[in-house]
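Contents: one structure, followed by commentary.
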Amino acid sequence: MTIHDAQQFRRRQTAAAPQRPGLLPNAEELMEAIHDDGSSNHPLAVSASHAGSLHRRRMDDPARVAEIDTHRGQLITAIDMWVSRNVPTAHTGPTMHTEGLGPVVDRLAERLVQAEHATRSLPPNHTEARRARNRLDEISTAYDALVAEVLGGKRQLPRATARR
């Protein structure tokens with residue numbers, strides 16, 4: 001997905017976004033979208049689903065990692081730009097977060113795909129399967145905490161700019 005594609009998608013989907021302006025989906029909603037549930041039309045959930053697809057392709061086709069990572073970078077930028085345009089920020093007081101929401105959503109997708117893979121390929125009590133689930137739990141908790149801080153005016157995200 002290119003930034004241009006993401007911008008066109010954003011324009012098409014904005015009217016269909018949830019009737020909760022400024023609110024972001026929680027980690028559970030993003031994980032459902034990454035599972036290819038398809039039930040959410042929130043632009044961030046759809047982008048998370050795309051990120052999950054890219055991570056699956058990355059695992060399945062190591063020869064195309066560089067190309068896939070380029071698409072991931074474009075998607076991360078598109079997510080950050082959407083958040084910059086659609087999520088109100090407090091202009092005084094909140095602490096600046098070190099990165100935008102795009103990289104966090106990308107890591108959530110990556111960790112979910114890794115946990116899915118570990119669950120399918122390893123016994124449930126295997127150390128690597130447990131680690132994959134723990135990493136997914138950590139990033140989903142961190143995402144929800146960041147969203148709560150941003151929406152509560154306690155944390156500010158860096159303003160996104162298009163990468164050249």
Please enumerate all residues that pass salt bridge (charged side-chain N to carboxylate O under 4.0 Å, His left out) together with [X], with sequence neighbours excluded.
X	value
Arg58	Asp69
Glu99	Arg107
Glu116	Arg56

Taking all non-hydrogen atoms of both residues into account, name the closest pair between [X] and [Y] and its distance.
X	Y	result
Ala109	Ala51	CB-CB, 3.7 Å
Ala129	Pro123	CB-O, 3.7 Å
Ala33	Ala45	CB-O, 3.3 Å

Quick check for you: to the nearest 0.5 Å, what is the distance between [X] atom [atom1] and [Y] atom [atom2]?
X	Y	atom1	atom2	value
Tyr143	Met31	OH	CE	10.5 Å
Arg64	Thr70	CZ	OG1	11.0 Å
Asp144	Ile139	CG	CD1	10.5 Å
Leu112	His35	CG	NE2	4.5 Å
Gln74	Leu54	CD	CG	10.0 Å

What I'd like to find out is whether the side chain of [X] reaches to under 4.5 Å of the side chain of [Y], using heavy atoms alone.
X	Y	answer
His117	Met59	yes
Leu23	His42	no
Val87	Leu151	yes
Pro25	Val147	no
His55	Asp106	yes

task = Kindly determine whether Gln114 and Leu136 satisfy side-chain contact (heavy atoms from CB on, under 4.5 Å), including the steps that lead there.
result = CA-CA 9 Å; Gln114 290 169 345; Leu136 176 60; over 6 Å; no
ask   = Is Val65 linked to Val113 within one hydrophobic cluster, defined over Ile, Leu, Val, Met, Phe, Trp and Tyr using a side-chain heavy-atom separation of less than 4.5 Å?
value = no
task = Check Ile76, Leu75, Val105, Leu101 against Ser47 for a side chain to side chain contact (heavy atoms under 4.5 Å, CB included) and give me the one that passes.
result =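 The passing option is Leu75.
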task = State whether Arg131 and Glu128 are salt-bridged, where the test is any N-O pair (Lys NZ or Arg NE/NH1/NH2 against Asp/Glu carboxylate O) under 4.0 Å.
result =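 Yes.
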task = Decide yes or no on side-chain contact (heavy atoms from CB on, under 4.5 Å) for Leu157 and Asp80, but give the supporting numbers first.
result = CA-CA 9 Å; Leu157 297 171; Asp80 284 343; over 6 Å; no
Check: [Y] main-chain N/O paired with [X] side-chain donor or acceptor under 3.5 Å:
X	Y	value
Arg133	Pro124	yes
Asp61	Arg57	no
Ser53	Ser49	yes

inquiry  = Go through it in stages, so that I can follow the logic: the residues are Ser40 and Val46, the test is side-chain contact (heavy atoms from CB on, under 4.5 Å), and I'd like the CA-CA distance, side-chain angles, deciding distance and then a yes or no.
reply    = CA-CA 7 Å; Ser40 178; Val46 173; 5.7 Å; no
message = Does Leu122 form a side-chain contact (heavy atoms from CB on, under 4.5 Å) with Thr127? I'd like the steps, not just the answer.
response = CA-CA 9 Å; Leu122 298 169; Thr127 301; over 6 Å; no
